[in-house]
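Notes for the one structure printed next.
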Amino acid sequence: MNPGAPPDATTRIRAEALGLFARVGFGSTTVDDIAEAAEVGVATIYRRWADKAELANDLFSGFIDDFETLAHRPDGPTPKRRFFRMWDDIWAFAHEDPQRFIFVEAHTHEAWISPANRARKEELAAQNADILEYVGVRASADLAHAMTIGTLTAILRSGTAADKDDVGERIWQALRSA
């Protein structure tokens with residue numbers, strides 16, 4: 001691919017769909033909206049995906065693929081240090097592509113998620129529960145997810161600058177006392 005060339009249609013469609021899903025939600029986004037934003041015809045979208053749900057699942061699956069790389073037991077001499085290594089990874093991942101992070105978090109329980117993506121998400125949640133126990137988090141996996149990912153999503157949505165270490169310390173303290 002020529003580095004100076006404009007993105008291809010598939011790349012534009014994915015990017016614009018992701019942006020719309022993150023900003024206005026899956027339900028409020030139409031295929032016409034995506035086509036207009038990506039500067040393609042509606043038929044171009046339907047040649048690549050059967051419907052809007054298949055496109056969203058494509059985006060969702062890609063997120064899971066990438067997030068799985070974070071599902072490892074972080075090293076460190078203490079539970080707190082291991083937690084902060086995990087937190088650093090999640091923070092960096094979320095800030096690489098905030099719209100994608102917001103899209104997945106906002107739509108993680110939607111009916112349109114395919115059975116395959118739902119199963120992969122549940123496997124990832126089980127791995128994360130094991131990792132949380134390893135890093136010394138006492139809270140349940142659901143509560144830990146809500147506190148860490150929920151807080152990070154709120155920060156991304158607000159667009160405000162936040163100190164990663166300060167937020168991490170507050171979450172660590174809350175998780176340890178939960």
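Note that the coordinates shown come from a computational prediction; the quantities given were computed from them, not determined experimentally. Numbers for residues simply follow the sequence, beginning at 1.
- Using a 4.5 Å heavy-atom cutoff, the side chains of T148 and M86 are not in contact.
- Shown here are the side-chain contact (heavy atoms from CB on, under 4.5 Å) partners of A162, two or more places apart in sequence or in another chain: W91, I155, V167.
- Of the inter-residue distances, the one linking L175 atom CG with M147 atom CE reads 4.5 Å to the nearest 0.5 angstrom.
- Here the side chain of R81 pairs no donor or acceptor atom with the backbone of G76 at under 3.5 angstrom.
- Listed for the S61 side chain is no donor-acceptor partner under 3.5 Å among the backbone atoms of D58.
- With a 4.5 Å cut-off on side-chain heavy atoms, I90 and I149 count as touching.
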#### Entry: Audit row: Y134, F83, ring pair (Phe, Tyr, Trp, His ring centres under 6.0 Å) steps and yes/no
CA-CA 9 Å; Y134 175 74; F83 170 80; over 10 Å; no

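- With R14 contributing its side chain and T10 its backbone, the two residues share no donor-acceptor pair below 3.5 Å.
- Between E54 and W112, every side-chain heavy-atom pair lies at or beyond the 4.5 Å cut-off.
- Here the OG1-CZ distance, from T108 to F63, works out to 8.5 Å after rounding to the nearest 0.5 Å.
- One distance of note links OG1 of T11 with CD of E16; it measures 11.5 Å at 0.5 Å rounding.
- Note on R85 versus D75: salt bridge recorded, some NZ/NE/NH1/NH2 to OD/OE distance being below 4.0 Å.
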### Message
Applying side chain to side chain contact (heavy atoms under 4.5 Å, CB included) to Y46 and V31, what does each step give before you reach the verdict?
### Response
CA-CA 9 Å; Y46 285 119; V31 173; 3.4 Å; yes

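- Of the N and O atoms on the side chains of Q127 and E123, not one donor lies less than 3.5 Å from an acceptor on the other residue.
- Of the residues D97, I34, L55, the one that meets the side-chain contact (heavy atoms from CB on, under 4.5 Å) test with L18 is D97.
- With a 4.5 Å cut-off on side-chain heavy atoms, R157 and R23 do not count as touching.
- The CZ atom of F93 sits 10.5 Å away from the CG atom of D89 when rounded to the nearest 0.5 Å.
- Counting heavy-atom neighbours within 6.0 Å of E68 CD, excluding the residue itself, gives a total above 12.
- For the atom pair CG (N57) and CG (D51), the distance works out to 9.0 Å, reported to the nearest 0.5 Å.
- In this structure, I13 and R48 have side chains that are in contact, with non-hydrogen atoms separated by less than 4.5 Å.
- Taking the six-membered ring wherever Trp is involved, the centroid distance between the rings of F26 and F60 does not fall below 6.0 Å.
- Contact of the T153 side chain with the L156 side chain is not registered, since no non-hydrogen atoms from C-beta on lie closer than 4.5 Å.
- By the 6.0 Å contact criterion, CD on E39 is open, its count of non-hydrogen atoms from other residues, nucleotides or ligands being 12 or less.
- Between K121 and L124, every side-chain heavy-atom pair lies at or beyond the 4.5 Å cut-off.
- When all heavy atoms are compared, the tightest approach of A129 to A141 is CB-CB, 3.6 Å.
- Of the possible polar contacts, none joining the K164 side chain to the D88 backbone as a donor-acceptor pair under 3.5 Å is found.
- Proximity of P79 to W172: side-chain heavy atoms (C-beta onward) are separated by under 4.5 Å at one or more points.
- Of all the heavy atoms in I64 and N117, the pair that sits closest is CD1-O, 3.8 Å.
- In this structure, I113 CD1 and R120 CZ are separated by 12.5 Å, a value rounded to the nearest 0.5 Å.
- Residues A9 and V40 approach most closely at CB-CG1, 4.0 Å, considering heavy atoms.
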Which atom pairs, donor and acceptor, lie under 3.5 Å between side-chain atoms of residues 98-106 and protein residues at least two apart or in another chain?
from : atom 1 : to   : atom 2 : distance (Å)
R100 : NH1    : D66  : OD2    : 2.7
R100 : NH2    : D66  : OD2    : 2.9
E105 : OE1    : H145 : NE2    : 3.2

### Task
With side chain to side chain contact (heavy atoms under 4.5 Å, CB included) as the test, would you mind laying out the steps for K80 and E169 before giving the verdict?
CA-CA 9 Å; K80 184 175 183 177; E169 181 64 37; 2.9 Å; yes

### Query
Stepwise, does the salt bridge (Lys or Arg N to Asp or Glu O under 4.0 Å) test hold for D166 with R170?
CA-CA 6 Å; D166 180 54; R170 290 169 189 255; 3.1 Å; yes

